[in-house]
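Report on the following structure.
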2 protein chains.
Amino acid sequence: MVEKIASEWIAALQARGYRMSASLQVVVEVVATSPRVLSPIQAFDLARKKNTKIGLVTVYRTLEKLEEIGLIQRVHQPSGCQGFIAANAGHQHILICENCGLVEYFSGDRLDNLMHDVARESGYRISGHWLQLFGLCTQCQYEIQSSGH
Amino acid sequence: MVEKIASEWIAALQARGYRMSASLQVVVEVVATSPRVLSPIQAFDLARKKNTKIGLVTVYRTLEKLEEIGLIQRVHQPSGCQGFIAANAGHQHILICENCGLVEYFSGDRLDNLMHDVARESGYRISGHWLQLFGLCTQCQYEIQSSGH
DNA sequence: TTACTTGCAAACGTTTTGCACGATT
DNA sequence: AATCGTGCAAAACGTTTGCAAGTAA
């Protein structure tokens with residue numbers, strides 16, 4: 001299932017005309033299968049465990065391609081904006097664990113009314129929105145509680 | 001009115017124990033009175049028009065202080081995350097013009113139900129959220145339309 | 001065989017730090 | 001008088017670009 005996602009991403013890249021290589025495959029696997037937000041360097045470190053030859057630049061270029069196709073999205077956090085996570089189509093909003101980066105997706109349908117109201121009141125023509133929630137996943141709640149905080 | 005905001009910020013900084021200087025005053029004035037998102041360099045350029053001696057580092061350090069006190073907030077945009085805008089207390093959500101950076105504030109009260117639902121469904125303990133809307137302000141809608149786009 | 005991709009090194013823009021001087025309290 | 005803030009220069013950081021060599025199509 002998880003491997004299936006990676007192979008679908010590879011197919012999408014090939015359909016876009018990109019050539020296949022071991023390096024690209026490894027980066028795609030790492031990013032496609034991560035349930036957590038990954039920075040370029042984190043993706044690089046994970047990829048290096050599978051392919052020692054890989055360069056950081058290749059990670060950047062692969063992320064660029066994946067974002068261009070819409071398979072990943074950049075994640076902005078108070079701690080920084082280098083993160084990426086799979087862009088789960090149809091679930092454009094995410095909930096991020098501030099401790100471990102684990103991501104949950106949720107629907108933002110209930111925002112439509114709000115956006116409509118704001119557009120009318122402000123006169124702006126609204127073209128997009130970001131909604132992100134931050135918190136602690138169940139696992140991290142437990143661990144942090146257990147360690148005495 | 002606009003000068004009042006700046007002097008309130010100055011007072012808040014002094015109450016925090018920070019010393020006053022011409023450089024700091026100029027930066028605070030620039031940032032406090034801007035209706036648009038400002039990057040550090042933009043704030044620096046504006047401040048230099050009022051005080052040629054000012055250094056970019058001072059702008060960074062002043063922004064750091066203002067953010068620490070909660071008078072400004074960082075603005076994340078698809079084009080970058082260097083922007084800052086006044087943090088209008090009680091109106092924590094913003095609508096940004098993608099063309100000129102003009103910011104409108106709006107209330108996000110209607111998000112409470114959504115957040116409660118997501119917390120229950122995910123098991124996360126939610127501690128914060130970001131909601132930003134992007135679009136074109138009325139002025140920029142007009143200008144872009146007039147110029148043939 | 002052609003042209004895209006890689007990895008390295010260097011360049012780049014932004015942000016931070018070290019430090020001597022000057023200014024505020 | 002003591003300490004904090006400033007401005008400059010240099011360092012650090014993440015990201016992008018130039019290029020020669022390697023590889024996919």
Side-chain angles (χ1 to χ4, degrees), chain A residues 7 9-31 37-69 72-84, chain B residues 7 9-31 37-69 72-84:
Chain A
S7 62
W9 288 20
I10 302 262
L13 286 165
Q14 286 178 315
R16 275 281 238 186
Y18 292 117
R19 294 184 180 179
M20 204 37 48
S21 76
S23 296
L24 185 140
Q25 274 185 17
V26 166
V27 176
V28 168
E29 270 173 39
V30 164
V31 179
V37 173
L38 289 182
S39 68
I41 302 212
Q42 288 175 318
F44 172 68
D45 289 339
L46 291 173
R48 272 249 159 148
K49 291 179 182 168
K50 301 188 176 188
N51 179 343
T52 41
K53 292 259 183 222
I54 216 164
L56 177 58
V57 185
T58 300
V59 174
Y60 275 98
R61 290 195 269 231
T62 305
L63 292 173
E64 191 180 354
K65 292 168 188 168
L66 292 173
E67 191 180 21
E68 176 208 341
I69 307 186
I72 62 173
Q73 60 180 307
R74 186 177 288 267
V75 174
H76 300 257
Q77 292 181 269
S79 56
C81 305
Q82 303 87 8
F84 289 91
Chain B
S7 61
W9 289 20
I10 303 262
L13 287 166
Q14 286 179 315
R16 275 282 240 186
Y18 292 117
R19 294 183 179 179
M20 204 36 48
S21 78
S23 297
L24 185 139
Q25 275 185 20
V26 166
V27 177
V28 168
E29 269 173 39
V30 164
V31 179
V37 173
L38 288 182
S39 68
I41 303 211
Q42 287 174 319
F44 172 68
D45 290 339
L46 292 173
R48 273 249 158 148
K49 291 179 183 169
K50 301 188 175 188
N51 179 342
T52 41
K53 292 259 181 220
I54 215 164
L56 177 58
V57 185
T58 300
V59 174
Y60 274 98
R61 290 196 269 232
T62 304
L63 292 173
E64 191 180 354
K65 292 167 188 170
L66 291 174
E67 191 180 19
E68 176 207 342
I69 307 186
I72 61 173
Q73 60 181 304
R74 187 177 287 269
V75 174
H76 300 257
Q77 292 181 269
S79 56
C81 304
Q82 304 88 8
F84 288 91

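Below, chains carry the letters A, B, ... as their sequence lines are ordered, and counting in each starts from 1. Atoms considered below: every heavy atom in the structure, side chains included; atoms not considered: hydrogens, waters and symmetry mates. Being a predicted model, the structure only gives us computed values, none of them experimental.
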If you compare all heavy atoms of G83(A) against all heavy atoms of V37(A), which two are closest, and at what distance to 0.1 Å?
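Residues G83(A) and V37(A), closest heavy atoms: CA-CG1, 3.5 Å.
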What's the spacing between [X] [atom1] and [Y] [atom2] if we round to 0.5 Å?
X      : Y      : atom1 : atom2 : result
K53(B) : T58(B) : NZ    : OG1   : 13.0 Å
Y18(A) : T62(A) : OH    : OG1   : 10.0 Å
S39(B) : L63(B) : OG    : CG    : 9.5 Å
I72(A) : E67(A) : CD1   : CD    : 6.0 Å
E64(A) : F84(A) : CD    : CZ    : 9.0 Å

Those residues that, when tested against L46(B), pass side chain to side chain contact (heavy atoms under 4.5 Å, CB included) (two or more places apart)
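L46(B): side chain to side chain contact (heavy atoms under 4.5 Å, CB included) contacts with V30(B), L38(B), K49(B).
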Identify, between L56(A) and R61(B), the residue whose nearest nucleotide on DNA chain C lies closer to the 5' end.
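Taking each residue's closest nucleotide, the earlier one in sequence belongs to L56(A).
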L24(A) vs Q14(B), nearer the 5' end of DNA chain C by closest nucleotide
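Between the two, 5'-proximity favours L24(A).
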Distance in angstrom units between [X] [atom1] and [N] [atom2], rounded:
X      : N       : atom1 : atom2 : answer
Q25(A) : dT5(C)  : CD    : C1'   : 14 Å
Y60(B) : dT14(C) : OH    : P     : 7 Å
F44(B) : dT14(C) : CZ    : P     : 12 Å
L13(B) : dT25(C) : CG    : C1'   : 16 Å

Most 5' of V57(B) and V57(A) on DNA chain D, judged by nearest nucleotide:
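Closest to the 5' end, via its nearest nucleotide, is V57(B).
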Apply the test side chain to side chain contact (heavy atoms under 4.5 Å, CB included) to residues L13(B) and L66(B): give CA-CA distance (whole Å), side-chain angles for both, the deciding distance (0.1 Å), then the verdict.
CA-CA 8 Å; L13(B) 287 166; L66(B) 291 174; 4.0 Å; yes
Check nucleotides 20-24 of chain C for protein N or O atoms closer than 3.5 Å to its own N or O atoms and list the pairs.
| residue | atom | partner | partner atom | Å |
| --- | --- | --- | --- | --- |
| dT24(C) | O2 | R19(B) | NH1 | 2.6 |

Can you tell me which residue pairs pass the salt bridge (charged side-chain N to carboxylate O under 4.0 Å, His left out) test with a partner in residues 15-30 of chain A, sequence neighbours excluded?
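Passing the test, one end in residues 15-30 of chain A: R16(A)-E68(A), E29(A)-K50(A).
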Degree of bending, the helix from dT1(C)-dA25(D) to dT25(C)-dA1(D) (end axes from five pairs; round to 10°)
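The angle, to the nearest 10 degrees, is 40°.
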Earliest and latest nucleotide of DNA chain D, 5' to 3', sitting under 4.0 Å from a non-hydrogen atom of chain B?
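First and last nucleotides in contact are dT3(D) to dA9(D).
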Verdict with reasoning, I69(A) to W9(A), per side chain to side chain contact (heavy atoms under 4.5 Å, CB included)
CA-CA 9 Å; I69(A) 307 186; W9(A) 288 20; over 6 Å; no
Presence of K65(A) side-chain N/O under 4.0 Å of dT6(C) phosphate oxygens OP1/OP2
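For dT6(C), OP1/OP2 do have a side-chain N/O of K65(A) under 4.0 Å.
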Among all residues two or more places apart in sequence or in another chain, which pass the side chain to side chain donor-acceptor pair (under 3.5 Å) test with Q82(A)?
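Counting only residues at least two positions away or on another chain, Q82(A) forms no side chain to side chain donor-acceptor pair (under 3.5 Å).
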